[in-house]
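Here's the structure, in structure tokens; my notes come after.
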Amino acid sequence: MANKQEVDEQTTLDKLNSNLGSASEKIAENKNVILWVVVAIVVAAALVMCYLFLYRNPQVNKAYEAYNDVEIKAMGNDSIATAEYKKVADKFSGTGAGDLAALSAGQALYEQGKYQEAVKYLEDGMTGEPVLDANTLALVGDCYVNLKKYDKALEYFDKAIKKADKNPQICPRVLIKEANVYDEQKKYDKALSCYEQIRDNYPEFQPGNGATVEAYIAREEARLGK
């Protein structure tokens, strides 16, 4: 007569066999579903490859060709260059060359004083590259300063500082832009804070024009009666 241990072991084996049998039955029942899922994945991958090789890559190549042709078409004429960059940006939006064309158009429009239109193209030209995007956001802020939309300008300057991620060349320069806006709004305490951030976090930075950060701090403190 089998002892209790043998009975328990047999019961465990029976349960294991039963579970494995149930699992096999479920796999058999669902094999058609699994097959169709695999087929769907393969088809989706094929479609992606077709898109990349038959449409996307040729579009990208065309975009760069069009971007490189702009200066040839413009022959040094800034107005023509701007118009051509806009065409490339509009036609090839979402490609690397389209982004570069949008940035070129945005900068040219800014220099021509067309600030609102410049904002559109500068925002369309965001590339995901931190340094380039930080500078682009700062230029959008400059557009809003010229449009006298100071709160909007400050919003974009803040975005530029965040995107720059403590870059010692970009952040202090944008902080000075912010300070100038706060001075225009007569918010001298906030302007002072901007200069103090430069002094504390970017001690090597020099504003230029013979001035020092300490001189700007002293000016704001004088305005605040300190």
*Evaluation steps, side-chain contact (heavy atoms from CB on, under 4.5 Å), between Glu117 and Lys86*: CA-CA 11 Å; Glu117 191 177 7; Lys86 287 168 62 177; 2.6 Å; yes
*Under the side-chain contact (heavy atoms from CB on, under 4.5 Å) rule, what do Lys149 and Gln116 come out as? Steps first, then yes or no, please.*
CA-CA 11 Å; Lys149 296 182 178 180; Gln116 195 63 61; 3.5 Å; yes
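If you check the side chains of Tyr202 and Asn167, you find no donor sitting under 3.5 Å from an acceptor.
Contact annotation: the side chain of Lys190 never approaches that of Gln185 to less than 4.5 Å [non-hydrogen atoms, C-beta and beyond]. Proximity of Glu221 to Leu224: side-chain heavy atoms (C-beta onward) are nowhere separated by under 4.5 Å. Arg219 is listed as a side-chain neighbour of Asp183, based on a closest heavy-atom distance under 4.5 Å. No side-chain heavy atom of Val145 sits less than 4.5 Å from a side-chain heavy atom of Lys177. Residues Tyr121 and Leu103 form no side-chain contact, since every pair of their non-hydrogen atoms from C-beta on lies 4.5 Å or further apart.
The nearest pair of heavy atoms linking Ala138 to Ala160 is N-CB, 3.8 Å. Scanning all heavy atoms of the two residues, the minimum distance from Ala211 to Pro207 falls at O-CD, 3.7 Å. Considering every non-hydrogen atom in both Asn135 and Arg173, the closest pair reads OD1-NH2, 2.5 Å.
Rounding to the nearest 0.5 Å gives a distance of 7.5 Å between CD of Gln197 and CD of Glu178. Rounding to the nearest 0.5 Å places SG of Cys171 at 10.5 Å from CZ of Phe205. The CD1 atom of Ile198 sits 11.0 Å away from atom CD of Glu214, with the distance rounded to the nearest 0.5 Å. Here CD of Glu184 is found 9.0 Å from CG of Asn180. Values are rounded to the nearest 0.5 Å. Annotation: the span from Tyr182 atom OH to Asp189 atom CG amounts to 9.0 Å, rounded to 0.5 Å. Atom SG of Cys143 and atom NZ of Lys114 lie 13.0 Å apart (nearest 0.5 Å).
Both Ile217 and Ile176 sit in one connected hydrophobic cluster of ILVMFWY residues. Membership requires side-chain heavy atoms under 4.5 Å apart, directly or through other members. A continuous path of ILVMFWY side-chain contacts below 4.5 Å connects Tyr195 to Leu175, so both sit in one hydrophobic cluster. Leu154 and Leu137 sit in two unconnected hydrophobic clusters of ILVMFWY residues. Membership requires side-chain heavy atoms under 4.5 Å apart, directly or through other members. Tracing side-chain contacts under 4.5 Å through hydrophobic residues (I, L, V, M, F, W, Y), one never reaches Ile170 starting from Tyr156; they form parts of separate clusters. In terms of hydrophobic clustering, with Ile, Leu, Val, Met, Phe, Trp and Tyr side chains grouped at heavy-atom distances under 4.5 Å, Tyr150 and Tyr144 are assigned to different clusters.
Exactly one of Thr136, Asp158, Asp133, Val131 qualifies for a side chain to side chain contact (heavy atoms under 4.5 Å, CB included) with Lys163. That residue is Asp133.
A salt bridge links Lys120 with Asp124: the closest approach of a Lys/Arg side-chain nitrogen to an acidic carboxylate oxygen falls below 4.0 angstrom.
Other residues, nucleotides and ligands contribute over 12 non-hydrogen atoms within 6.0 Å of the CD atom of Glu220.
For an aromatic pair to be called close, the ring centres must be under 6.0 Å apart, and Tyr115 with Tyr110 satisfies this.
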